[in-house]
Engineer: 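Got a structure here, written out as structure tokens. Questions coming.
Because the structure is a prediction, the values reported are computed rather than measured. Chain A is the first sequence line, chain B the second, and so forth, proteins listed ahead of strands; every chain is numbered from 1.
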Number of protein chains: 2
Amino acid sequence: MDYQGKKKATIYDLSVLSGCSPSTVSAVLNGTWRKRRIKESTAELIQKLAEQHRYTANLQARGLRNSRSGLVGLLLPVHDSRYFSSMAQTFEAEVRSHGKCPVVVSACRDPREERTTVETLISYSIDELFVAGATDPDGIHALCEAAGIRHINIDLPGTKAPSVISDNYKGARMLTEAIIHRLGGTGILKPDEIYLFGGRNDHASHERIRGFRDIKTEMFGADPDKCIQPTGYSPDMSQKAFETFYAREKRLPRGLFINSSINFEGLLRFLAQHPHEAFADIVVGCYDYDPFGSFLPFPVLMIRQDVERMLAKAFEIMEEARPAIEIHLIPPELVHPRTALTGPLDLIKEIDAFSR
Amino acid sequence: MDYQGKKKATIYDLSVLSGCSPSTVSAVLNGTWRKRRIKESTAELIQKLAEQHRYTANLQARGLRNSRSGLVGLLLPVHDSRYFSSMAQTFEAEVRSHGKCPVVVSACRDPREERTTVETLISYSIDELFVAGATDPDGIHALCEAAGIRHINIDLPGTKAPSVISDNYKGARMLTEAIIHRLGGTGILKPDEIYLFGGRNDHASHERIRGFRDIKTEMFGADPDKCIQPTGYSPDMSQKAFETFYAREKRLPRGLFINSSINFEGLLRFLAQHPHEAFADIVVGCYDYDPFGSFLPFPVLMIRQDVERMLAKAFEIMEEARPAIEIHLIPPELVHPRTALTGPLDLIKEIDAFSR
DNA sequence: ATTGATTGCACCATCGATTGTGCAAAGGCG
DNA sequence: CGCCTTTGCACAATCGATGGTGCAATCAAT
């Protein structure tokens, strides 16, 4: 009905219009009016006016006053991977269902960027922070601690805040074992035919490498050091590692344990440069699930980390009064080749289907 | 040096510590102190204190006062697709380089969710809003307009704000033509052997369908209506469409134009249920690029929408004083099968490589 | 009619930063 | 020394919402 040319309506505008005081208007509009013994008819009047004038609260003002903002943050290393983007998707839905506002930001696996980003979030008085895959969880902990902000680590653990991570050791064992079986078992396979590529100096990589090596040692009695090729989390570095191996050996290892889908993209880049023979008989295990990756023309075993359960657990811990500083391991799932799993997008209902 | 137990330092704390007034402290810390003729030595003193006490400005207070927050929003339909997650990735980098704080949120292609999400963002006084793939861009425009917030549409155009979208018509023509060529051309192919799946009642789908039909009509002289199967943007609905077709025809169409990578996931689900013969000879064109999708065991032609250029153009328009309400078309790129393109992740430098 | 309880709401300080305005002290000039 | 300019900073209002406190009006009971 009434249009506001430019300015948004405030409780003061509604105060004048309704003849009530700003505090009454405030109480009515934030739901505390019964506690303040405001007459029902007064409340109705103000609510009607608020609707007419399209009042919405200024959340910065509210946040300033309350020193809480209603924002819940998720800090990611990167957006552009199905693992993290599905985490963002699930996170948003969960936060929304709690009536809060999700804020997803990424910090490029750069400890400095992580800190400044978190400082910014803190300056906006976010209520809670979910820290996923941070390179320096304990540094972030210090910032949150000083600001009194509840936080939790996901995917990569810290030592000073509760952490929820996938069971990388067990997952790596499952994956390595599955690769070996797929290649025919230890009878016809030698330990130096299976390599691990990707990952860096973080907890997840260490655990995965440990699982990889343990299985190989158990099954083969040996695991040559050269089979571990940590290249960081970059497609480019991974590609270079494959190229180097190929230049030397004129082929790829028969079994490849790839640390993440991001490293897997490095393999794609390699594949694009080489004839089909170069990878006719390989078996790939990737520690991440990507639906398209599962259908490549060679067997791809994947580990799907259970993002839903990890986040559910994390939210559960967030609600605890005094959560213990411990690491919660969520078992991941081995996904066999050519498998299309459902994901968070399936929870979205399709509205307004096609009609012309 | 000094630890704050719980509370963050404010300009008032520093005011007491320095013996200066809060306004002086404020001026020093926000950089306007020269304009206010503050002595250099005073400024240095205050800056030193600020550092010691780890002062960071309360951005909600600043935002309240300035009615601007330093936040720049990106509204996405969903996170969990490489198209939108790469958009988020690129967006963040760009916003950061402008010294602002990126906020990425998704609204599930639900017009109501879109509106409430935008209202929330407005309530936080975001400075600018990039609206990507919104179902109701003009509704969002109305909200932004009323709040005086600069905004721009990306991916799906509106009629009331400037828009930057990919040239869906041309892209669809390129893709359709490439599919037909790949299948041997019009000589040995019939028009009802090429189907379009996916998409819904939005501008992008309409344009892509138009491009698809125009090319088919030009090349075959005909395009049966049945070849258009808009299933919405849901893997599940897409899968059902493939199943239905397969149940009837005992095979898939030889050429499939798939409206987005999300619909493509529906095809994966179908593939997982059926023997290899069901799709031995198909050629798929997907209007989206996904690196893993490009390497599937059948030829996959993909359209890579130029997210970088779209965003660059959008930021450029945002800086214009009085941008024209027009639609800017950014040409997309046809990606041949087995192609691994670089993406925004390649811009991230790897810090702290592996070391044990 | 007086007392006491209840109802219904207004007043005002507060959150932290910003900024227009004012004013004392210092310096320059004749 | 008197007057004017410049320097350097303090004061106080403001942004919008919140919530503790206080007070007048109404009502019930004696």
Side-chain angles (χ1 to χ4, degrees), chain A residues 4 6-46 50 53-70 119-120 122-125 127 147-148, chain B residues 4 6-46 50 53-70 119-120 122-125 127 147-148:
Chain A
Q4 315 304 121
K6 278 290 138 197
K7 312 293 179 191
K8 296 187 53 175
T10 71
I11 55 169
Y12 297 96
D13 301 329
L14 298 182
S15 153
V16 172
L17 289 165
S18 66
C20 301
S21 77
S23 59
T24 300
V25 176
S26 170
V28 168
L29 296 174
N30 69 25
T32 61
W33 56 280
R34 289 183 190 285
K35 196 162 51 192
R36 288 185 145 263
R37 299 183 319 220
I38 308 291
K39 228 194 311 183
E40 184 117 16
S41 63
T42 310
E44 282 167 6
L45 167 65
I46 292 176
H53 294 265
R54 310 197 172 293
Y55 169 85
T56 57
N58 180 322
L59 297 179
Q60 298 211 76
R62 174 179 292 170
L64 173 60
R65 177 60 222 240
N66 292 340
S67 55
R68 325 180 322 103
S69 63
E119 279 177 345
T120 305
I122 290 176
S123 298
Y124 283 112
S125 307
D127 298 344
Chain B
Q4 316 304 122
K6 277 289 137 195
K7 312 291 180 191
K8 297 188 53 177
T10 70
I11 54 169
Y12 297 97
D13 301 330
L14 298 181
S15 152
V16 172
L17 288 165
S18 66
C20 300
S21 76
S23 58
T24 300
V25 175
S26 170
V28 168
L29 295 174
N30 69 26
T32 60
W33 56 281
R34 289 184 191 284
K35 196 164 50 193
R36 285 182 148 271
R37 298 185 318 221
I38 309 289
K39 228 194 311 181
E40 186 118 15
S41 62
T42 311
E44 282 167 5
L45 167 67
I46 292 176
H53 292 265
R54 313 197 172 292
Y55 170 85
T56 55
N58 181 321
L59 297 179
Q60 298 210 80
R62 174 179 293 170
L64 174 58
R65 178 59 223 241
N66 292 339
S67 54
R68 326 180 321 102
S69 63
E119 280 175 347
T120 304
I122 290 176
S123 297
Y124 284 112
S125 308
D127 299 343

Engineer: Rounded off to whole Å, could you give me the CZ-to-C1' distance for the B:R37 and C:dT19 pair?
Structural biologist: 14 Å

Engineer: Under a 4.0 Å heavy-atom cut-off, which of residues 56-69 of chain A touch DNA chain D?
Structural biologist: A:A57, A:N58, A:A61, A:R62, A:R65, A:N66

Engineer: Where is the tightest heavy-atom contact between A:D127 and A:R68, given as atom of each residue plus distance?
Structural biologist: OD1-CB, 3.2 Å

Engineer: Taking atom P of C:dT7 as reference, at what distance in whole Å does atom CD of A:E40 sit?
Structural biologist: 14 Å

Engineer: Any side-chain N or O of B:Y12 less than 4.0 Å from the OP1 or OP2 oxygen of C:dT14?
Structural biologist: no

Engineer: Is the phosphate of D:dC15, meaning OP1 or OP2, less than 4.0 Å from a side-chain N or O of A:T10?
Structural biologist: no

Engineer: Counting only N and O atoms by type, is there a donor-acceptor contact under 3.5 Å from the side chain of A:Y124 to the main-chain atoms of B:S69?
Structural biologist: yes

Engineer: Under 3.5 Å, sequence neighbours excluded: what are the donor-acceptor pairs made by side chains of residues 28-40 of chain B?
Structural biologist:
residue	atom	partner	partner atom	Å
B:N30	OD1	B:T32	N	3.1
B:N30	OD1	B:T32	OG1	2.7
B:N30	ND2	B:S26	O	3.3

Engineer: How is A:T42 classified with respect to the nucleic acid when contacts are heavy atoms under 4.0 Å: base, sugar-phosphate, or nothing?
Structural biologist: sugar-phosphate

Engineer: Is the distance from OP1 or OP2 of C:dA17 to the nearest side-chain N or O of B:N30 less than 4.0 Å?
Structural biologist: no

Engineer: How many Å lie between CZ on B:R36 and P on C:dA17, as a whole number?
Structural biologist: 15 Å

Engineer: Has the side chain of B:S23 got a donor or acceptor that lies under 3.5 Å from a partner of the other kind on the base of D:dC11?
Structural biologist: yes

Engineer: Rounded to the nearest Å, what distance is computed from the CD1 atom of residue A:I38 to the C1' atom of nucleotide C:dT7?
Structural biologist: 10 Å

Engineer: Testing the basics here: between A:I11 and A:Y55, what is the closest heavy-atom pair and its distance to 0.1 Å?
Structural biologist: CG2-OH, 3.5 Å

Engineer: To the nearest Å, how far apart are A:I11 CD1 and C:dC12 P?
Structural biologist: 15 Å

Engineer: Mind checking the OG-NZ spacing from B:S125 to A:K8? Nearest 0.5 Å is all I need.
Structural biologist: 7.5 Å

Engineer: Rounded off to whole Å, could you give me the CH2-to-P distance for the B:W33 and C:dT18 pair?
Structural biologist: 16 Å

Engineer: C:dT18 P sits how many Å from B:K35 NZ, rounded?
Structural biologist: 12 Å

Engineer: D:dA10 C1' sits how many Å from B:L14 CG, rounded?
Structural biologist: 17 Å

Engineer: Using modelled atom types and a 3.5 Å cut-off, is there a donor and acceptor pairing between side-chain atoms of B:S15 and backbone atoms of B:C20?
Structural biologist: yes

Engineer: Compare side-chain N and O positions of B:T24 against OP1 and OP2 of D:dC9 and report whether any pair is under 4.0 Å apart.
Structural biologist: no

Engineer: Looking only at heavy atoms, what is the nearest atom pair of B:A147 and B:I122, with distance?
Structural biologist: CB-CG2, 3.5 Å

